[in-house]
2 protein chains.
Amino acid sequence: MAGVSQTTVSLVLNGRAEGEVRISQETRDRVLQVIRETGYVADPVARRLADRRNRILGVFTYEAVFPAESADFYHPFLVGIEECAEEAGCDLLLFTSAKVVQGERRRIFSAESRIRLADGCVLLGRTVDKDDLARLLTEGIPFVSVGRRDDAGGPVPYVGADYPPAVRALVERAAALGHRRLAYVGVGVGAESYSDRLRGFTEAVAAVGAEGLHLTSADGLFDTGATAVLAEELADGVAIVRAARERGLDVPRDLSVLVLGAHTTPVRTDIDFTGLRIPRREMGRRAVELLTQVLESGGAPQDMLPCELVEGSTLAPVQNAPVQNAPVQN
Amino acid sequence: MAGVSQTTVSLVLNGRAEGEVRISQETRDRVLQVIRETGYVADPVARRLADRRNRILGVFTYEAVFPAESADFYHPFLVGIEECAEEAGCDLLLFTSAKVVQGERRRIFSAESRIRLADGCVLLGRTVDKDDLARLLTEGIPFVSVGRRDDAGGPVPYVGADYPPAVRALVERAAALGHRRLAYVGVGVGAESYSDRLRGFTEAVAAVGAEGLHLTSADGLFDTGATAVLAEELADGVAIVRAARERGLDVPRDLSVLVLGAHTTPVRTDIDFTGLRIPRREMGRRAVELLTQVLESGGAPQDMLPCELVEGSTLAPVQNAPVQNAPVQN
DNA sequence: TTTTCCAGCTAATACGGATTATCACCGCTA
DNA sequence: TAGCGGTGATAATCCGTATTAGCTGGAAAA
């Protein structure tokens with residue numbers, strides 16, 4: 001329509017017509033005019049094929065993102081991811097095509113894996129298959145994990161929540177309020193985020209000279225003599241409080257309960273737990289930032305974001321024990 | 001690696017090696033073996049370029065989908081969309097690249113519109129620009145709107161909520177409880193969903209022989225003598241109840257308040273409104289179903305899904321007026 | 001023996017852009 | 001008049017796949 005070649009249109013469209021390659025102002029205007037009239041837009045697919053970039057960022061979760069079961073947990077991450085993708089001018093691709101087979105998890109790599117459709121990918125989830133991580137690395141697929149991951153045949157790019165310092169701060173607070181016997185309830189293994197919490201706990205009790213117990217469930221907790229308990233997840237905290245109340249114990253008067261994470265499974269509760277806040281939205285944002293960095297210059301950047309302490313109302317001084325004179329940490 | 005041509009791999013990969021074109025079992029096995037070993041996956045981008053199909057469905061909203069402001073409203077739609085996309089084996093592309101310019105809405109068509117990246121697109125939002133719809137139609141871009149839309153230079157494919165019958169049922173209920181003077185509070189124009197509600201109201205009051213008033217806001221409502229009010233949106237309902245209480249009126253004893261829609265803006269309320277339920281999740285599902293239909297056979301399918309009545313507790317018989325003997329509609 | 005047929009595979013091409021090397025043209029110089 | 005340099009545009013090529021027409025060698029048919 002403008003009487004020029006495809007090349008010329010491409011050059012004009014991409015503003016390449018000013019440096020090395022020259023197109024006269026006249027021709028350029030004519031092309032732009034036609035583009036305006038027809039609303040022509042370069043096919044993004046062809047574009048991607050040619051220059052190996054999509055401006056599409058993939059989001060992979062082993063579970064469905066939206067359904068209520070996990071929505072509350074994933075939502076804040078997605079908010080951050082969306083915000084940052086928007087700023088970066090990228091679209092988000094949700095890998096919903098990988099059907100969740102009965103009783104199994106989604107797989108990143110299947111016969112029809114579409115992971116490569118995107119320029120890079122954000123991995124969301126409590127755990128990620130180590131094999132999957134290794135393969136992502138060996139295949140050179142750019143990605144960033146939301147949540148710290150151990151090496152998988154090489155360093156894994158991630159943005160994690162820095163639990164140890166936050167857990168330590170909580171333990172110090174409890175110690176300052178006279179607690180000398182603390183329990184940690186939760187599996188403490190499996191996901192890196194769990195072991196980080198447990199490690200933080202172990203180190204912290206040692207540092208403050210308190211006694212630390214690790215229980216995998218609330219059972220037996222009340223026989224240990226612990227006056228404060230750190231729950232690995234919100235669900236654990238809720239269960240502990242319920243069990244305590246059934247025994248006629250008051251929280252926090254008789255037992256302080258600190259929660260170390262948001263719910264990953266749906267729990268409805270109005271309890272205003274003392275604990276820490278996982279900076280989920282910030283993690284989402286940061287993951288996209290790191291991903292664009294990986295796309296530009298490669299590497300395996302790793303970043304830990306601090307967890308904020310939540311004041312709450314489930315931590316109190318130990319009963320019948322004088323509060324130490326140590327100042328309350330903040 | 002298998003000592004065969006790219007064509008052969010393509011044929012094997014797509015199972016085309018059985019009909020017209022033949023590949024020996026031996027060769028096929030060899031190719032499949034190598035595919036298994038290397039984890040080779042056809043580049044979806046090249047694939048799309050070649051056969052014009054992606055198995056990617058786009059989701060376009062004028063506002064950001066995830067942020068809290070609109071999350072509660074959009075979420076149920078997305079649940080349905082994701083479910084159905086998963087069943088269809090499609091990935092979802094969220095068009096986050098179109099930046100929301102200060103004070104403006106996102107645009108479907110911009111200089112860098114990426115709408116064509118997807119095979120087709122689901123449009124989400126209270127309103128959709130008529131120009132955008134017209135252009136989608138003329139450019140032959142497959143899409144389905146969530147929410148009924150008036151023609152835009154041609155019929156628009158959509159799945160909508162069927163307000164009129166539900167509104168009518170509510171009006172009939174109110175009438176059966178003695179209400180003869182009903183008010184509708186809301187703009188009643190702008191979005192098709194609003195005019196549908198108002199139209200349902202107007203027709204219903206006429207049908208039951210009651211008196212109907214249309215107010216664009218709650219101001220002046222209490223001078224009209226209306227004993228029941230239908231609020232266009234949840235926010236309107238909340239405002240009305242608040243205003244009523246400030247005047248010392250009890251809801252529903254002195255004033256019945258029916259709500260005709262979910263919140264599109266965030267409102268926190270514990271009021272158990274009588275009203276109707278927009279089948280959002282179902283609409284999301286249906287939208288994807290219709291979209292796949294459009295992709296396969298074209299056309300502009302339109303579907304209206306029924307709204308469910310919500311019993312609630314804000315509808316009561318008119319005070320000082322005998323309840324009519326008419327049976328309560330259900 | 002020559003032709004026909006068919007199974008089994010591949011060369012060539014299309015898809016719609018981005019990129020690069022090249023080309024035509026003009027005015028100017030030697 | 002041949003040579004030269006700069007300007008403005010384009011032909012050719014590539015990206016990785018799907019598709020189609022065609023090629024090859026050997027067996028069956030003529």
Side-chain angles (χ1 to χ4, degrees), chain A residues 1-35 38-56 91 97 111-119 139-142 295, chain B residues 1-35 38-56 91 97 111-119 139-142 295:
Chain A
M1 288 181 65
V4 296
S5 68
Q6 178 259 317
T7 304
T8 305
V9 176
S10 173
L11 292 173
V12 171
L13 210 51
N14 296 301
R16 296 271 328 278
E18 281 141 33
E20 185 72 8
V21 183
R22 286 155 306 234
I23 302 290
S24 70
Q25 188 61 46
E26 196 182 346
T27 306
R28 188 185 349 220
D29 288 346
R30 191 152 30 91
V31 172
L32 286 173
Q33 177 60 25
V34 174
I35 287 176
T38 60
Y40 170 82
V41 183
D43 183 338
V45 177
R47 208 156 167 151
R48 155 75 166 166
L49 188 61
D51 67 291
R52 339 272 278 144
R53 279 284 174 106
N54 250 192
R55 303 200 75 76
I56 289 182
D91 294 318
S97 62
E112 275 281 313
S113 171
R114 320 215 328 136
I115 192 98
R116 285 183 182 281
L117 244 185
D119 289 345
E139 296 207 3
I141 296 176
L295 290 173
Chain B
M1 290 180 64
V4 296
S5 68
Q6 177 260 317
T7 304
T8 305
V9 176
S10 174
L11 292 173
V12 171
L13 211 50
N14 296 302
R16 295 271 328 278
E18 281 140 35
E20 185 71 8
V21 184
R22 285 153 308 232
I23 304 288
S24 70
Q25 188 61 44
E26 194 182 346
T27 305
R28 191 188 342 222
D29 289 344
R30 192 153 29 91
V31 172
L32 287 173
Q33 178 57 28
V34 174
I35 287 177
T38 60
Y40 170 83
V41 182
D43 182 340
V45 175
R47 208 158 168 149
R48 155 76 165 167
L49 188 61
D51 67 85
R52 340 274 273 142
R53 278 285 173 103
N54 250 192
R55 303 200 76 73
I56 289 181
D91 293 320
S97 62
E112 276 281 313
S113 172
R114 321 219 320 144
I115 194 92
R116 285 183 182 281
L117 251 183
D119 288 345
E139 296 208 3
I141 296 175
L295 289 173

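All of these numbers come straight from a predicted model, not from anything done at the bench. Numbers restart at 1 for each chain; the letters A, B, ... are given by sequence-line order, proteins then strands.
Side-chain contact, A:D29 with A:Q33: no donor N or O sits under 3.5 Å from an acceptor N or O. A donor-acceptor contact closer than 3.5 angstrom is absent between the side chains of A:S10 and A:T7.
If you take CG of A:L13 and C1' of C:dG16, they are 12 Å apart, rounded to a whole angstrom. Look at CZ on B:R55: it is 18 Å from P on D:dT17, rounded to the nearest Å. Note: CZ (B:R47) to C1' (C:dA14) measures 17 Å, nearest angstrom. Rounded to whole Å, atom P of C:dT10 lies 14 Å from atom CZ of B:R28. The interatomic distance linking A:L49 (CG) with C:dT19 (C1') rounds to 13 Å, in whole Å. Here the P atom of nucleotide D:dG8 and the CD atom of A:Q25 are 10 Å apart, to the nearest Å.
Residue contacts for B:S24: at a heavy-atom cut-off of 4.0 Å it reaches the sugar-phosphate backbone alone, with no base atom in range. The residue A:V4 sits close only to the backbone: its heavy atoms come under 4.0 Å of sugar-phosphate atoms, none of a base.
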Base, backbone or nothing for each nucleotide of nucleotides 20-25 of chain C, written B, S, -, heavy atoms under 4.0 angstrom, 5' to 3'?
B-----

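With distances taken from any side-chain atom of A:T8 to the nucleotides D:dT10, C:dT10, D:dG16, the minimum falls on D:dT10. Of the candidate nucleotides D:dG16, C:dG17, C:dG8, C:dG8 has the atom lying nearest to any side-chain atom of B:R22.
In terms of phosphate contacts, B:Y40 brings no side-chain nitrogen or oxygen within less than 4.0 Å of OP1 or OP2 of D:dG16.
When the shell of 6.0 Å around CD of B:Q25 is examined, it contains more than 12 heavy atoms from other residues, nucleotides or ligands.
B:T27 and B:I23 get closest at one heavy-atom pair: CB-CG2, 3.8 Å. The shortest heavy-atom contact between B:T38 and A:E139 is O-OE2, 4.1 Å. Here the closest non-hydrogen pair linking A:R48 and A:D119 is NH1-OD1, 2.8 Å.
Here CD1 of A:I56 is found 4.5 Å from CG of B:L117. Values are rounded to the nearest 0.5 Å. Taking CG of B:L49 as the reference point, atom CZ of A:R47 lies at 14.0 Å (rounded to 0.5 Å).
Across the interface with DNA chain C, nearest-nucleotide mapping of B:T27 and A:D43 shows B:T27 to be the residue nearer the 5′ end. For A:R30 and B:A50, each mapped to the nucleotide of DNA chain D holding its nearest heavy atom, the one lying further toward the 5' end belongs to A:R30.
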For nucleotides 22-24 of chain D, give me every protein contact, N/O to N/O, under 3.5 Å, one pair per line with atom names.
none

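The closest side-chain heavy-atom distance from B:R116 to B:I141 is below 4.5 Å.
The base of C:dA11 has none of its N or O atoms less than 3.5 Å from a complementary donor or acceptor on the side chain of B:Q6.
The side chain to side chain contact (heavy atoms under 4.5 Å, CB included) test with B:R28 singles out one residue from B:T8, B:V4, B:V12, B:L11, and that residue is B:V12.
In this structure, the helix from C:dT1-D:dA30 to C:dA30-D:dT1 shows an angle of 100° between the axis at its start and the axis at its end, each fitted on 5 base pairs and rounded to 10°.
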